[in-house]
Amino acid sequence: MSLGDAFAHQFKYSEAFQWYRKAAIQGNVDGEFHVGDGLLFRAAEPHGNLSTRIEGLHWTFMAATNLYPYAYLDMSKALEQGVGTSIDLVQSYAWLKLFSETSPGGIYGRVLMNSMALKMGTEEIERAQRLAADFRAGHWQFPNTRVIPDNDSALKLTAITISSAASLAVINGKTLLPGESTIISLKSGKVGLRCLKIDKDFVQVLISGEDEPRVLRLGN
């Protein structure tokens with residue numbers, strides 16, 4: 001960690017990141033946080049793509065479950081912004097609640113909680129409070145991972161054809177039957193996609209690296 005900090009103080013972030021990763025692999029909580037923070041928000045790896053955000057989320061989650069205060073904050077930011085995961089304000093608020101209960105997060109955490117509460121309903125805030133209590137008791141919950149953000153316009157369903165012979169969907173210019181897989185190109189790189197189900201109004205797909213299917217709809 002000391003070598004990583006030394007390089008960071010010299011603004012040599014690439015070298016610092018390599019030492020932080022070595023520390024993280026050895027179970028150092030500071031290293032876990034710095035690797036996670038770098039992959040999620042600081043583009044520490046020059047050739048990183050969307051899949052590195054999921055790795056960053058895993059490292060940050062490890063640091064958070066080892067009670068690292070700033071990892072609580074990064075988990076909240078990732079869930080609020082949809083970085084490596086689906087946007088989830090309930091989980092984001094729960095992580096902020098934990099951060100606000102730490103020494104470095106007291107005032108700042110409460111300010112962020114008040115700001116987020118303006119975007120949430122009473123029932124959502126109550127669920128977030130219960131979830132924070134679960135986290136505090138050690139019942140941690142890893143977020144749903146997302147290789148492609150939910151609001152990424154680069155993933156497009158452009159046509160659906162339903163007939164007695166076959167059902168077809170056109171996704172990013174690729175025509176697929178149910179059960180077929182393809183590779184789609186995004187600005188951030190290539191990802192695998194499998195078509196699971198085609199309906200008259202939507203298509204259900206699974207993206208490689210994601211833990212749950214998602215639904216694509218025409219015009220979204």
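Quantities reported herein were computed from a predicted structural model and do not represent experimental measurements.
- Shown are Phe41, Tyr72, Tyr68; of these, the ring-ring contact (aromatic ring centres under 6.0 Å, His included) with Phe33 is made only by Tyr68.
- The closest donor-acceptor contact from the side chain of Thr175 to the backbone of Val170 lies at 3.5 Å or more, if one exists at all.
- At distances below 3.5 Å, at least one donor-acceptor pair connects side-chain atoms of Lys174 with backbone N or O atoms of Ile183.
- Judged purely by atom type and a 3.5 angstrom limit, Thr65 uses its side chain to pair as donor or acceptor with the backbone of Phe61.
- Side-chain contact check for Ser76 versus Met116: some heavy-atom pair is nearer than 4.5 Å.
- In terms of heavy atoms, Asp37 sits closest to Thr60 at N-OG1, 4.0 Å.
- Legend: residues meeting side chain to side chain donor-acceptor pair (under 3.5 Å) with Ser181, ordered by chain and number and at least two apart, are Arg194.
- Heavy-atom contacts from other residues, nucleotides or ligands closer than 6.0 Å to OH of Tyr108 number 12 or fewer.
- There is no side-chain donor-acceptor pair under 3.5 Å between Tyr20 and Asn28.
- At least one side-chain heavy atom of His58 sits under 4.5 Å from a side-chain heavy atom of Phe142.
- A pairwise comparison of heavy atoms in Val90 and Ala128 identifies O-CB, 3.4 Å as the closest pair.
- Leu155 has its side chain within reach of Ile171: a pair of non-hydrogen atoms, C-beta onward, lies under 4.5 Å apart.
- Shown here is Lys119, whose NZ atom has more than 12 heavy atoms of other residues, nucleotides or ligands within 6.0 Å.
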